[in-house]
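Okay, structure first, notes after.
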There are 2 protein chains.
Amino acid sequence: MERVSQPKASKWDELATDWCPVARAMSVIGDRWTLLIVRDCFLGKSRFEEFQKSLGITRHVLSDRLKRLVELGVLERNAYSKRPLRYTYTLSEKGRDFAPTLIGLKDWGKKHMPIRKPAAV
Amino acid sequence: MERVSQPKASKWDELATDWCPVARAMSVIGDRWTLLIVRDCFLGKSRFEEFQKSLGITRHVLSDRLKRLVELGVLERNAYSKRPLRYTYTLSEKGRDFAPTLIGLKDWGKKHMPIRKPAAV
DNA sequence: GAGTGTAGGTTCCTTTTGTGAACGGAGAAT
DNA sequence: ATTCTCCGTTCACAAAAGGAACCTACACTC
C-alpha cells in the first residue's frame, strides 16, 4: 500500500469516496491483513510482536497497516513504556464497531470453509 | 492473484486452512474487489459488462475474480444464451450467506466513513 | 459483404504491493 | 560485555493490479 502521504488518486482513494458504504468500508479492510489485525485486537493482542507472530505477516506490511489503522482511527496507539518507547495498539470505538462484520465472517467461514485436515495417510 | 491452478503454497493458501474461521473467510474475500462483486450480485447484477461498468475494475482482474468465485462455489455460472455463448453469474447459497457480513460492512461504512462532498466551492 | 455494435474475454506492458531476510538501536537480563 | 527482546526500517526481488489494445463471435443495417 505505502500510500501514506502520497496524494495520487488511486483505486483505493476512489473506493474511499464511493457512493456505497460497503465500498467505503472495503477501502479500509479490502486487503488480506487489515481485518485480521482487528480480529487479533478483539482477541486481546496489542503489540507488534504479538501480531507478527500470530499472523506470520511481514514486519514491513504489519508496520504499514498499524500506521494506517491508527491514522484512520480504527486503532489507538498508546505508549506503555517510555524508555524504551513502546506502544500498544488497541481498538477505538470505530474499531470495535467491526464486531458484527467479524461475527458475520466467522459464521460464514465456519459454515462454508470447513477445515480440511491434511490427509493423515 | 492469478493463482488458479498454481499449487504453490502461498500466504493465501495458508489462510484458507487457518484455524480461525475469520481467516478462512478472508482467504476468499481478502482483496479489494471480491466482496464488491458479491455486493453487485445482491443488487441484481449478473453479467460481465455490468460488473465492469459498476466497479471500474480492469477486465483482467474481473475475469480472474469471477472464475475464482465460481470455483469456490460462491457464484454460479449459467449460460443464458448459446450462440453466442453468454453467461450470467448469480449467487449460490454460499454466496447469499455473505448477506450478514455485507450488512455489517454497510452499517460500519455508513457510520464511520461518511461521504465527503468534494468541496463544491 | 463491408461497416458498426455488443458481450465476454485475453494479451501485453507498466506501476504498485507484498515477501523474505537482514540490519539497527535502545534498553534489559545474565 | 555479550546476549536477548521489542519494534521497527532497508533492500532486492516476486506477485498482483492497472490500463489500453486486441480478439472472437454473433447481430444489425445498409
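Chain A is the first sequence line, chain B the second, and so forth, proteins listed ahead of strands; every chain is numbered from 1. These numbers were taken from a predicted model, which means no experiment stands behind them. These numbers come from the heavy atoms of this one structure, side chains and all, not from hydrogens, waters or symmetry mates.
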Exercise for review: Give me the bend of the helix from C:dG1-D:dC30 to C:dT30-D:dA1, using the axes of the five pairs at each end, rounded to 10°.
Suggested key: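 Answer for the end axes of this duplex: 10°.
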Check nucleotides 4-6 of chain D for protein N or O atoms closer than 3.5 Å to its own N or O atoms and list the pairs.
residue	atom	partner	partner atom	Å
D:dC6	O2	A:Arg86	NH2	2.9

Practice item. Decide, yes or no, whether a salt bridge links B:Arg59 with B:Glu49 under the criterion of side-chain N to carboxylate O below 4.0 Å. Key: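 Looking at B:Glu49 together with B:Arg59, the answer is yes, because their closest N to O distance falls below 4.0 Å.
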**Study point:** By side chain to side chain donor-acceptor pair (under 3.5 Å) - contacts of A:Ser92 (at least two apart)
**Key:**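 Here no residue qualifies.
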To the nearest Å, how far apart are [X] [atom1] and [N] [atom2]?
X: A:His60; N: C:dT16; atom1: NE2; atom2: P; answer: 14 Å
X: B:Gln52; N: D:dG18; atom1: CD; atom2: P; answer: 11 Å
X: B:Leu85; N: D:dT24; atom1: CG; atom2: C1'; answer: 12 Å
X: B:Asp31; N: C:dG18; atom1: CG; atom2: P; answer: 11 Å
X: B:Leu15; N: C:dT19; atom1: CG; atom2: C1'; answer: 14 Å
X: B:Ile57; N: C:dG9; atom1: CD1; atom2: P; answer: 13 Å
X: B:Arg77; N: C:dG8; atom1: CZ; atom2: P; answer: 11 Å
X: A:Leu55; N: C:dG18; atom1: CG; atom2: C1'; answer: 15 Å

Side-chain N or O of [X] closer than 4.0 Å to phosphate OP1/OP2 of [N]:
X: A:Trp33; N: C:dT17; result: no
X: A:Lys67; N: D:dC7; result: no
X: B:Lys11; N: C:dG20; result: yes
X: B:Trp12; N: C:dT19; result: no
X: A:Arg32; N: C:dT19; result: yes

Exercise for review: Check the surroundings of atom NZ in B:Lys110: do more than 12 heavy atoms from other residues, nucleotides or ligands lie under 6.0 Å from it?
Suggested key: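 No, NZ of B:Lys110 has 12 or fewer neighbouring heavy atoms, counting only those of other groups under 6.0 Å.
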Review point. When we call it a touch if two heavy atoms are under 4.0 Å apart, what does A:Phe51 touch: a base, just sugar-phosphate, or nothing?
Key: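 Touches nothing.
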Review point. Closer to the 5' end of DNA chain C via nearest nucleotide, is it A:Thr58 or B:Ser63?
Key: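 Between the two, 5'-proximity favours B:Ser63.
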Review point. Within a strict 4.5 Å, meaning less than it, do heavy atoms of the A:Met26 and B:Leu35 side chains meet?
Key: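 Answer yes - side chains close enough.
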Review point. For A:Arg96, which residues count as a salt bridge (Lys or Arg N to Asp or Glu O under 4.0 Å) partner, sequence neighbours excluded?
Key: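 Result, salt bridge (Lys or Arg N to Asp or Glu O under 4.0 Å) vs A:Arg96: none returned.
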Exercise for review: Let me see the working for A:Arg32 and B:Asp31 under salt bridge (Lys or Arg N to Asp or Glu O under 4.0 Å), right down to the final yes or no.
Suggested key: CA-CA 6 Å; A:Arg32 203 153 39 189; B:Asp31 77 288; over 6 Å; no
Review point. Between B:Ser54 and B:Asp40, is any side-chain donor less than 3.5 angstrom from a side-chain acceptor?
Key: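 Yes, side-chain donor-acceptor contact under 3.5 Å.
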Point to revise | ring pair (Phe, Tyr, Trp, His ring centres under 6.0 Å): pairs with one or both residues in residues 90-109 of chain B, sequence neighbours excluded | key: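 Qualifying pairs, neighbours excluded: A:Phe98-B:Trp108, A:Trp108-B:Phe98, B:Trp108-B:His112.
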Review point. Does any pair with a residue in residues 69-96 of chain B pass ring pair (Phe, Tyr, Trp, His ring centres under 6.0 Å), and if so which ones, sequence neighbours excluded?
Key: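 Sorted pair list comes back empty.
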**Study point:** Hphob cluster co-occupancy, B:Phe42 + B:Phe51, side-chain heavy atoms under 4.5 angstrom
**Key:**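 Per the 4.5 Å side-chain linkage, B:Phe42 and B:Phe51 are co-clustered.
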